[in-house]
Amino acid sequence: MEDLNRRLMNSLRLTYNLLRRRRLQGILLLDGNKGPSELAIQPWTRGAADMEKKQLNKMKEERSALRQEMIIEAIYRMDGPISQRQLANQISMPTQTLIDEIGRLERRGFVSRSRSKDSLRETCVTLTKQGQARAAELRQVKDRQNEEFFKPLTEEEKETLLTLLDKLNMAEEMGLKENNL
């Protein structure tokens, strides 16, 4: 049951992030000399644009925190050193994004990096004791939150919801890929 709750919550998070991305795309305007992450600010919309910039920055921070949690959990599940490449493939994260997040986790003392014994070109990542404690803590908190959140649903309703969310997420991701977003 905990596994189903965990899968449901992950699917809900993905749906939420995809919907937020779609909403933010509606306010992001491309201008000849502005990049896609910059807002075109008109004098009469400056306050709204500033607020949207703050929301965008907050969303980036939330996304980074979620990525870090995913990385910690994936390394914890592997129970040993894992190469950055394997980790990126396992959690479907672009390699450069993963490396950036691992750097943040390393500075916070949750992970350590070392060269692979098999290949000097490959870098492996392991959880520190602090990282292992954080992974266990995250697992307990998430399990409690998931259990409480899905309490009103029966197991059959949970399975139906998961199927529907997966269908929506797959369609949305395909649309984003088709539009190179």
Side-chain angles (χ1 to χ4, degrees), residues 1-22 24-25 28 34-38 53-147 149 162 165-166 169-170 172-174 176-181:
M1 184 159 82
E2 285 180 4
D3 185 48
L4 178 59
N5 287 343
R6 194 174 296 126
R7 288 174 36 221
L8 270 167
M9 191 53 72
N10 287 336
S11 191
L12 277 171
R13 276 193 195 105
L14 178 61
T15 304
Y16 174 74
N17 286 332
L18 290 170
L19 290 173
R20 284 185 74 181
R21 177 190 271 176
R22 176 178 277 196
L24 284 172
Q25 285 169 354
L28 294 176
K34 293 186 179 189
S37 63
E38 294 181 282
K53 273 187 178 181
K54 287 178 185 175
Q55 287 178 328
L56 185 60
N57 287 335
K58 183 176 179 184
M59 188 174 96
K60 286 179 183 179
E61 290 171 12
E62 289 172 356
R63 214 176 315 154
S64 178
L66 182 60
R67 284 188 203 121
Q68 290 176 28
E69 288 178 11
M70 288 172 50
I71 292 167
I72 288 173
E73 287 184 32
I75 298 170
Y76 184 74
R77 279 193 309 268
M78 293 303 293
D79 194 32
I82 181 172
S83 76
Q84 290 180 158
R85 184 178 303 132
Q86 289 172 321
L87 186 57
N89 289 336
Q90 183 181 354
I91 60 177
S92 301
M93 187 179 293
T95 307
Q96 188 56 52
T97 302
L98 177 81
I99 291 169
D100 292 344
E101 296 299 346
I102 288 174
R104 290 181 185 97
L105 287 168
E106 192 173 35
R107 285 189 293 278
R108 294 175 62 198
F110 292 123
V111 300
S112 64
R113 289 189 263 199
S114 61
R115 291 286 173 203
S116 171
K117 295 175 184 172
D118 300 330
S119 169
L120 293 177
R121 297 175 126 199
E122 212 167 55
T123 302
C124 290
V125 184
T126 54
L127 289 177
T128 61
K129 287 184 181 184
Q130 184 180 351
Q132 290 171 351
R134 180 68 178 150
E137 180 183 304
L138 287 171
R139 177 63 52 107
Q140 289 176 349
V141 169
K142 284 184 177 187
D143 286 346
R144 273 195 316 270
Q145 289 173 339
N146 293 348
E147 183 70 33
F149 185 78
L162 182 60
L165 288 171
D166 286 345
N169 291 336
M170 197 176 332
E172 186 67 17
E173 284 182 349
M174 293 304 294
L176 291 173
K177 286 179 184 175
E178 288 173 6
N179 294 320
N180 295 324
L181 299 173

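Two residues are said to be in side-chain contact when any heavy atoms from C-beta on lie closer than 4.5 Å; Q86 and N89 fail this criterion. For the pair L165/L12, a side-chain contact is recorded, criterion being any heavy-atom separation below 4.5 Å from C-beta on. Residues V125 and Q84 are in side-chain contact: their nearest non-hydrogen atoms beyond the backbone lie under 4.5 Å apart.
When every heavy atom of A74 is checked against every heavy atom of I91, the shortest pair comes out as CB-CG2, 3.6 Å. Among all heavy-atom pairs drawn from L127 and A135, the shortest one is CD1-CB, 4.2 Å.
Here the options are R139, R134, Q140, the test is side chain to side chain donor-acceptor pair (under 3.5 Å), and the partner is E137; only R134 passes.
Distance check: Q132 CD to I75 CD1 gives 10.5 Å after rounding to the nearest 0.5 Å.
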Practice problem: For the pair R113 and E106, evaluate side-chain contact (heavy atoms from CB on, under 4.5 Å) and give the outcome as yes or no after the intermediate values. | Solution: CA-CA 8 Å; R113 289 189 263 199; E106 192 173 35; 2.9 Å; yes
Quiz item: What's the verdict on side-chain contact (heavy atoms from CB on, under 4.5 Å) for L87 and I102, showing C-alpha distance, side-chain angles and the deciding distance?
Solution: CA-CA 11 Å; L87 186 57; I102 288 174; 4.1 Å; yes
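The backbone N or O of G109 sits less than 3.5 Å from a side-chain atom of T128, completing a donor-acceptor pair.
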Would you tabulate the side-chain donor-acceptor contacts of residues 64-73 under 3.5 Å, counting partners in other chains and residues two or more places apart, or write 'none'?
unit_1	atom_1	unit_2	atom_2	d
S64	OG	Q68	NE2	3.3
S64	OG	E101	OE1	2.8
S64	OG	E101	OE2	3.0
R67	NH1	E101	OE2	3.2
Q68	OE1	R108	NH1	2.7
Q68	NE2	E101	OE1	2.9
E69	OE1	K142	NZ	3.0
E73	OE2	K142	NZ	2.8

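Scored by the side chain to side chain donor-acceptor pair (under 3.5 Å) test, D100 finds Q96 as partners (sequence neighbours excluded).
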